[in-house]
Number of protein chains: 2
Amino acid sequence: MADPMKRLPMQPVERALKVISGRWKAIILYQLFDGPKRLSELKTLLPRISQKVLIQQLREMEEHGLVHREIFRQVPPRVDYSTTALGLSLEPVIRSLCDWGRKHAADLDELDTLSECRLPPVDVRAAEMA
Amino acid sequence: MADPMKRLPMQPVERALKVISGRWKAIILYQLFDGPKRLSELKTLLPRISQKVLIQQLREMEEHGLVHREIFRQVPPRVDYSTTALGLSLEPVIRSLCDWGRKHAADLDELDTLSECRLPPVDVRAAEMA
DNA sequence: GGCCATGGTTACCTTCTGGTCAGTATGGAA
DNA sequence: TTCCATACTGACCAGAAGGTAACCATGGCC
């Protein structure tokens, strides 16, 4: 996503997919659904994402109207990220994706170490090393 | 997707996204929800997709259990692609994505030339040149 | 033998995405 | 005066995804 808001696809599905299918976006949104977070919080909640990429994904979602960024001009700077109404409206969609993801796992492999669909323990994930 | 079924993500949302977010997959699925199609049909229904990529996307979806491929050993060969039960179970999910895509367009730009969410006129698309 | 249709595959290239690592700015604390 | 925390930014790179164009195989038809 080089330049800002370079026109999104005109097919609605494609558009939706384009907007949410960044490598980390759904996971970041999960965290934000839970309430506003500052960058440093997100960094510790999602330690596997490098700072640059985290900011990148947040900015893209901001451009696409899913996320709001608020700057507090403080001594050590402070920036809060939160979902917009539009972003929040994605919750049921993402949940249905999540449910389907579990169904998919159940139908094919067994759903061995698949996580739950509710705000997941993205970080506390021992499955990582399995 | 170089090698077959190289393990899907263990986060359910990511898994679902991985499986459906190929450049053309949702659109191809739309066509298949409508009933089985042979390759040549899909090629004319979706003229903007090159044959190689079309087959590629179909094969990936086959690997992921969304699509069934049936070969009829005939004079000029015939191959039918259809959705599996698992693939079909994606319909509501994709529809919700589509609905959200339209909402997104409505909230940001105006939804100018956005298509409908029902089986769309993917080919008869004058919006292309706009 | 040459041609056709169907359904592929292969080689090659370009673009997009994500990733690492190092650097920047601000202003208070030590 | 140096150090620290926070929130970024930029150079660079590697791999994946998607695209183009050309070629292959089968077997009937003329």
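Because only heavy atoms are used, hydrogens play no part in the values below, and waters and symmetry mates are left out as well, while side chains stay in.
The heavy-atom pair separating I27(B) from E14(A) by the smallest distance is CD1-OE2, 2.5 Å.
Atoms CG (D80(B)) and P (dG7(C)) sit 9 Å apart, rounded to a whole Å. Nucleotide dA7(D) holds its P atom 15 Å from the CD1 atom of I49(A), rounded to whole Å. Straight-line distance from the CD atom of E14(A) to the C1' atom of dC16(C): 16 Å, rounded to whole Å. If you measure from atom OH of Y81(B) to atom C1' of dT6(C), you get 11 Å, rounded to the nearest angstrom. We find that CD1 of I55(A) is positioned 15 Å from C1' of dT20(C), with the value rounded to whole Å. For the pair Q56(A) CD and dC13(D) P, the computed distance is 17 Å after rounding to whole Å. Following rounding to the nearest Å, R78(B) (CZ) and dG8(C) (C1') show an atom-to-atom distance of 17 Å. The nearest whole Å value for the distance from the CD atom in E62(B) to the C1' atom in dG8(C) is 14 Å.
When the nearest nucleotides of DNA chain C are assigned to Q74(A) and S40(B) by heavy-atom distance, the more 5′-ward of the two goes with S40(B). Of the residues near DNA chain D, R59(A) and V75(A), the one whose nearest nucleotide (by heavy atom distance) lies more toward the 5' end is V75(A).
Side-chain N/O atoms of R38(B) include one lying less than 4.0 angstrom from OP1 or OP2 on dG7(C). For dT17(C), one of the phosphate oxygens OP1 or OP2 lies less than 4.0 angstrom from a side-chain nitrogen or oxygen of K18(A). Taking only side-chain nitrogens and oxygens, R73(A) never comes nearer than 4.0 Å to OP1 or OP2 of dA7(D). Using a 4.0 Å cut-off, some side-chain N or O of Q57(B) falls inside it from OP1 or OP2 of dG18(D).
When distances are taken from the side chain of R23(A) to each of dG18(C), dT17(C), dG18(D), the shortest belongs to dG18(C). In the set dG18(C), dG8(C), dT6(C), dT6(C) carries the atom at the smallest distance from any side-chain atom of P76(B). For W24(A), counting side-chain heavy atoms from C-beta on, the closest listed nucleotide (dG19(D), dA17(D), dG19(C)) is dG19(C).
One donor-acceptor pair, N or O on each side, does fall under 3.5 Å between the base of dG19(D) and the side chain of K52(B).
Counting heavy atoms from C-beta outward, V79(B) and F72(B) have side chains that stay 4.5 Å or more apart. In this structure, the side chains of V93(A) and V93(B) stay at 4.5 Å or more apart for every pair of heavy atoms. The shortest distance between side-chain heavy atoms of L58(B) and R69(B) does not fall below 4.5 Å.
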